[in-house]
Amino acid sequence: MSIATSVLNRHALLTRYLRNRERSRALFDLLADDAYYSRPIALRHPIVFYEGHLPAFSFNTLIKRALGGPSIDPALEALFARGIDPGDHAASGVSPGWPARSAVREFAAEADRRVVEAIEHADIERPGHPLLDRAEAAFAILEHEAMHQETLLYMWHQLPFAEKRRPSSYAPRLDGALPPHQWLEIPAGRATLGVDRAAIQFGWDNECPAATADVATFTIERHDVTNASFLEFVDAGGYQDPRWWRGEDWTWVQSERMTHPLFWERRDNRWYWRGMFELMPLPLAWPVYVSHAEATAFCRWRGARLPTEAEFQRAAYGAPHDRERSHPWGDDPPAAAHGVFDFSSWDPEPAGSHPAGASAWGVEDLVGNGWTWTSTTFAPFPGFRPMASYPEYSADFFDGEHFVMKGASPATARELLRPTFRNWFRPRYPYVYATFRCVRQDPARG
Ligand SMILES: [Fe+2]
């Protein structure tokens, strides 16, 4: 099987698959048993769905669709492919009737067995095959599970503390000093946005094909906006002033009675941060986690704006003489010194605690410690084609209602830290590990 152009390293794929499954198991083990059918975020499925969905997606994609293998249990494969639409049952009042956990685990074990066998022995790399060219389906299932692990963690974040098992090693980093306010100039230049599929081992359809943008000179904050800075906006009445909010966002602030970021709590006249396993006095030096709507409002209040996707790329990966880097810090593979990612922490860490991860221009924490909101609407690059192994992955979201986030959070797997990787959410979805920083066009105003 080893030909010069092959991307197939069965041992590496198997190691990643087993590592993913082990990490997913550990995430589900964090929960008390009675949380299993609960729905920590109303817009998402209950927890039971995800324990079935991860192996079902892998099985459906690689074994059934790509290799044409037989079913294990057609009903469960369908249920865990899309779940039960909450709308189906809300009206009738009928209980959704999810399977017992033992049945979910039995199905998962068999799906795992067949996926592992395929990775070890099946013909999973076939040039020209719609799902198996460059082993696309195998890589898709690996990245799918890693991405869901972040989704699971931000869902777990919303569960009551009593429904989670706090690891004995849990020790949020509350010690950081406030970083100084500093604006850095990023010189004009060309930024890479997309990449040709054949140029990388694997990429999602929305990253392709190659695309670039010319970026004018701008200034950007060296650090993420911290809880301390955002508190100034809250104290200045930012959530009560429609001048700072886009129309739909202001409607949301009023209808949801938003007065502060979702991760904050007000008790006894003091601010607290709702960590993964405990409530703690608001860590002022941490990046603030907010929705796109709140980030946009803060920027307007400051007389600034969010970066575009192209500006983020230029700030993060650009370098003098237009030689772009693989990561903000250079071409070395991601390591703990470079930032907070790859599940190294349950919560953020103080802004500016990873100077070794600074970009060529000195901008810190662009990858890690929280995704960075951009002002760019999620849209395809010219020449986009939906990928055969997961055609709805991106195309369902090109609706003008989603904004691009770049970078990484503490819960983003290291294999997703490539320059072209794009994430996207609705502007008023407040649950994700996303922060931001401001940019300005005119350096004189900095
Ligand atoms: Fe999924």
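Read the numbers this way: they start at 1 and go in the same order the structure lists the ligands and their atoms. Atom set for the values below is all heavy atoms of this structure, side chains included, hydrogens, waters and symmetry mates excluded.
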Exam field: side chain Arg422 to backbone Asn206, donor-acceptor pair closer than 3.5 Å: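 Judged by distance alone, yes, a pair lies under 3.5 Å.
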Polar side-chain atom of Asp249 near backbone of Arg428 as donor-acceptor pair, under 3.5 Å: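 No, Asp249 side chain to Arg428 backbone: no donor-acceptor pair under 3.5 Å.
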Straight-line distance of Cys299 SG to Trp244 CH2, nearest 0.5 Å: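 Nearest 0.5 Å value for the SG-CH2 distance: 12.0 Å.
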Tyr170 ring center within less than 6.0 Å of Phe277 ring center: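 Aromatic pair counts; centres sit under 6.0 Å.
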Between His144 and His53, ring centroids under 6.0 Å: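 That pair passes the under 6.0 Å test.
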The Fe ion (ligand 1): protein N, O or S atoms that are less than 2.8 Å away, sorted by chain: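 Under 2.8 Å from the Fe ion (ligand 1) - ignoring waters, which are not counted - the protein N, O or S atoms are His53 NE2, His144 NE2, His148 NE2.
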Which atom of Glu294 lies closest to which atom of Met258, heavy atoms considered: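 The pair with the smallest heavy-atom distance is OE2-CE, 3.7 Å.
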